[in-house]
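If you read the sequence from its start, that first residue is 1, and numbering goes on from there.
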Amino acid sequence: NIAFIEELFIEQFKQRADLVMANGKLVTYEIKSELDSLNRLPAQIESYTKHFEETIVVCAEKHVEKAKGLIGLQVGLWAVNPKGEFKTIQKPKKIKVSKTSWLSHLPVDELRILLKQYSLPRTGNRDALINKVLDNISYSRIRDYVLMYFKCREQKISLLKMRRLETKNFNKVLEKSFESKANM
C-alpha cells in the first residue's frame, strides 16, 4: 500500500518535491540529472528536512562530490550512472517532522475531516483549524492521518474530477433544457 506523488508543492508553493513516497513513512526524492544545476539544492534540502521523514538526493555521478558537500549527514544520496544503475552513497537518517509540518500537507477540507473524527469544531480559517488539531490530537494520530491521506489522495482527486465533470454535464443539460423552453 504505497503512494507515489510526483511534483508535490510544499511550503505554500515555495518548493516542489520531485517525488514523494508514503509507505509507513514520508520520503522525498530530489532528482538531479546531468543537465541540472545544484544551485537550489541547499534551499530544497532545508525545506524537505522540515516536511519529510527522509530525504534522498538522486543525482548523476558527476554531481556526487558537490552534492555531498551540500546535503549534510541527515540526507541520503544515491548516484545514477549513465546505464541507469543506482548506487547508495549515503543512507538517509529518519527525521522527526513537527506536527505543524505534518499538517501543512493537508488541504482545509482534510483538516475538517480530521477534526470531525474527534468530534471537534470544524469552523474557522486554515490557521484556526490547524490550531484546533495541534491542541487536541496527538502526534502519532496526525502522522497516521497524513500518511493515509497521501495513500488515498489520488482516489480523492479522481473522484473530485468525476464530480466536476458530472456537474458540468448536468449544467449543460439544464442549459439546453432552458434554451429549448425559452424558444417555444
Assigning hydrophobic clusters by single linkage (Ile, Leu, Val, Met, Phe, Trp, Tyr; side-chain heavy-atom cutoff under 4.5 Å), is [X] placed with [Y]?
{"X": "Phe86", "Y": "Ile31", "result": "yes"}
{"X": "Tyr145", "Y": "Ile5", "result": "yes"}
{"X": "Leu115", "Y": "Ile142", "result": "yes"}
{"X": "Val57", "Y": "Trp78", "result": "no"}
{"X": "Ile95", "Y": "Val58", "result": "no"}

Between [Y] and [X], is there a side-chain heavy-atom distance shorter than 4.5 Å?
{"X": "Leu77", "Y": "Cys59", "result": "yes"}
{"X": "His105", "Y": "Ile10", "result": "yes"}
{"X": "Val20", "Y": "Tyr48", "result": "no"}
{"X": "Leu8", "Y": "Phe150", "result": "yes"}
{"X": "His51", "Y": "Ser104", "result": "yes"}
{"X": "Ile113", "Y": "Tyr149", "result": "no"}
{"X": "Lys25", "Y": "Arg143", "result": "yes"}
{"X": "Leu19", "Y": "Phe4", "result": "yes"}

Apply side-chain contact (heavy atoms from CB on, under 4.5 Å) to Lys132 and Leu120, showing your working.
-> CA-CA 8 Å; Lys132 288 175 194 175; Leu120 295 166; 5.7 Å; no
Just verifying a value: how many Å separate [X] [atom1] and [Y] [atom2], rounded to the nearest 0.5 Å?
{"X": "Ile71", "Y": "Thr49", "atom1": "CD1", "atom2": "OG1", "value": "11.0 Å"}
{"X": "Arg141", "Y": "Lys99", "atom1": "CZ", "atom2": "NZ", "value": "11.5 Å"}
{"X": "Asn136", "Y": "Tyr118", "atom1": "CG", "atom2": "OH", "value": "11.0 Å"}
{"X": "Leu134", "Y": "Tyr139", "atom1": "CG", "atom2": "OH", "value": "12.0 Å"}
{"X": "Met21", "Y": "Thr28", "atom1": "CE", "atom2": "OG1", "value": "10.0 Å"}
{"X": "Ile130", "Y": "Leu114", "atom1": "CD1", "atom2": "CG", "value": "11.0 Å"}

Can you tell me if [atom1] on [X] sees more than 12 non-hydrogen neighbours from other groups inside 6.0 Å?
{"X": "Glu85", "atom1": "CD", "result": "yes"}
{"X": "Lys151", "atom1": "NZ", "result": "yes"}
{"X": "Lys116", "atom1": "NZ", "result": "no"}

Indicate the atoms forming the closest heavy-atom contact of Glu61 with Pro82, along with that distance.
-> OE1-CD, 3.6 Å
Contact summary for Leu73 and Lys93, nearest pair of heavy atoms = O-CG, 3.5 Å
Do any side-chain atoms of residues 36-46 form donor-acceptor pairs under 3.5 angstrom with protein atoms, and if so which ones, sequence neighbours left out?
| unit_1 | atom_1 | unit_2 | atom_2 | d |
| --- | --- | --- | --- | --- |
| Asp36 | OD2 | Ser33 | N | 2.8 |
| Asp36 | OD2 | Ser33 | OG | 3.4 |
| Ser37 | OG | Asn39 | N | 3.0 |
| Ser37 | OG | Asn39 | OD1 | 3.4 |
| Ser37 | OG | Asn39 | ND2 | 3.0 |
| Gln44 | OE1 | Lys32 | NZ | 3.1 |
| Gln44 | NE2 | Glu30 | OE2 | 3.4 |

Given a cutoff of under 4.5 Å between side-chain heavy atoms of I, L, V, M, F, W and Y, with clusters grown through shared members, what are the other residues clustered with Phe13?
-> Phe9
Given the rule in the side-chain contact (heavy atoms from CB on, under 4.5 Å) test, do Gln74 and Thr55 qualify, once you have shown the distances and angles that lead to the verdict?
-> CA-CA 8 Å; Gln74 292 182 311; Thr55 298; over 6 Å; no
Kindly determine whether Val97 and Trp102 satisfy side-chain contact (heavy atoms from CB on, under 4.5 Å), including the steps that lead there.
-> CA-CA 7 Å; Val97 176; Trp102 279 109; 3.6 Å; yes
Would you say the side-chain atoms of Glu54 pair up with the backbone N or O of Lys91, donor to acceptor, closer than 3.5 Å?
-> no
